[in-house]
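Heavy atoms only: backbone and side chains are in, while hydrogens, waters and symmetry mates are out. So that the names make sense, note that chain A is the first sequence line, chain B the second, and so on, each numbered from 1. Keep in mind the model is a prediction, meaning the values are calculated, not measured.
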Amino acid sequence: AQKITQTQPGMFVQEKEAVTLDCTYDTSDQSYGLFWYKQPSSGEMIFLIYQGSYDEQNATEGRYSLNFQKARKSANLVISASQLGDSAMYFCAMREGNGATNKLIFGTGTLLAVQP
Amino acid sequence: DTGVSQDPRHKITKRGQNVTFRCDPISEHNRLYWYRQTLGQGPEFLTYFQNEAQLEKSRLLSDRFSAERPKGSFSTLEIQRTEQGDSAMYLCASSLQRNTEAFFGQGTRLTVV
């Protein structure tokens with residue numbers, strides 16, 4: 001069965017520094033997608049970045065990059081130059097199979113606190 | 001239309017009452033999803049619509065839960081005879097096609113007392 005594991009319940013980072021949020025996944029599918037979402041205290045899940053299993057390059061979106069290591073089944077999120085507004089819960093998620101449903105399986109999340 | 005809209009944002013109800021939530025997806029999105037998120041957990045998939053057809057339901061969706069998307073636009077999620085264990089954030093998401101990201105609404109926080 002597909003599973004997402006986020007082992008860091010909480011992380012602190014100093015403003016302007018980089019931080020890495022860990023995510024490992026388990027699947028027997030050859031085709032899958034990996035996502036990171038940010039959830040501020042308001043509750044909305046904000047899409048950050050996507051990596052397809054066949055993508056050879058690591059995905060990047062502004063200050064966000066995804067360190068995709070397929071053999072190790074890890075998809076860590078790197079946030080560069082942290083800002084106070086980055087303080088939130090961060091969820092790693094996996095789309096099952098070839099996207100027929102786009103159903104997502106989420107990890108338990110990492111709470112990031114950016115300190116001034 | 002700037003995003004997925006959910007109504008109400010908060011709902012407090014007494015155990016045993018019925019509640020209904022509404023989700024308006026991004027207008028051109030044909031896929032709509034409902035998720036449930038309990039405290040300290042990530043969202044868990046409940047059900048999925050493609051246009052008006054409900055194509056998948058999780059085992060989490062007991063007989064007390066029903067979801068509809070009658071015209072392939074907005075969707076409703078009804079919970080009958082609510083229980084305290086139903087207290088959670090109910091999130092709606094929509095996406096355009098397969099292999100694209102899902103956009104989430106701000107959720108409806110249900111508290112059953």
Q. Which region of B:Gln6, side chain (C-beta onward) or backbone (N, CA, C, O), has a non-hydrogen atom less than 4.5 Å from a non-hydrogen atom of chain A, or is it both or neither?
A. neither
Q) In the single-linkage hydrophobic clustering (I, L, V, M, F, W, Y; side-chain heavy atoms under 4.5 Å), do A:Leu34 and A:Trp36 co-cluster? A) yes
Q.
I'd like to know if B:Trp34 and A:Phe35 are part of one continuous hydrophobic network [Ile/Leu/Val/Met/Phe/Trp/Tyr, side-chain heavy atoms within less than 4.5 Å].
A. no
Q. With the 4.5 Å side-chain cut-off for hydrophobic clustering, are B:Val113 and B:Tyr90 part of the same group?
A. no
Q: Under 4.5 Å heavy-atom distance to chain A, tell me which part of B:Leu91 shows up: side chain, backbone, both or neither.
A: side chain
Q: Following the transitive rule for hydrophobic clusters with a side-chain heavy-atom cut-off under 4.5 Å over Ile, Leu, Val, Met, Phe, Trp and Tyr, establish whether B:Leu61 and B:Phe45 coincide in one cluster.
A: no
Q: Would you indicate whether B:Leu55, at its atom CG, is surrounded by more than 12 heavy atoms from other residues, nucleotides or ligands within a distance under 6.0 Å?
A: yes
Q.
How close do A:Phe91 and B:Gln37 get, counting heavy atoms only, and between which atoms?
A. CZ-NE2, 3.3 Å
**Q.** Student check: side-chain heavy atoms of B:Glu101 and A:Tyr50 closer than 4.5 Å
**A.** no
Q) Can you tell me how far the CE atom of B:Met89 sits from the CD atom of A:Glu44, to the nearest 0.5 Å? A) 10.5 Å
Q.
Check for me, please, whether A:Leu77 and A:Met11 land in the same ILVMFWY cluster - side-chain distances under 4.5 Å, paths through other members count.
A. yes
Q | Region of B:Arg109 that comes under 4.5 Å of a non-hydrogen atom in chain A | A | neither
Q. Side chain, backbone, both or neither: which part of B:Gln41 has a heavy atom under 4.5 Å from chain A?
A. both
**Q.** Interface moiety of A:Gln6 toward chain B, non-hydrogen atoms closer than 4.5 Å
**A.** neither
**Q.** Flag if over 12 foreign heavy atoms under 6.0 Å of CD, A:Gln30
**A.** no
Q. Who wins among A:Leu104, A:Thr108, A:Ile4, A:Ile105 for the most heavy-atom pairs under 4.5 Å with chain B?
A. A:Leu104
Q) If you tally heavy-atom pairs under 4.5 Å against chain B, which of A:Gln39, A:Met89, A:Met45 wins? A) A:Met45
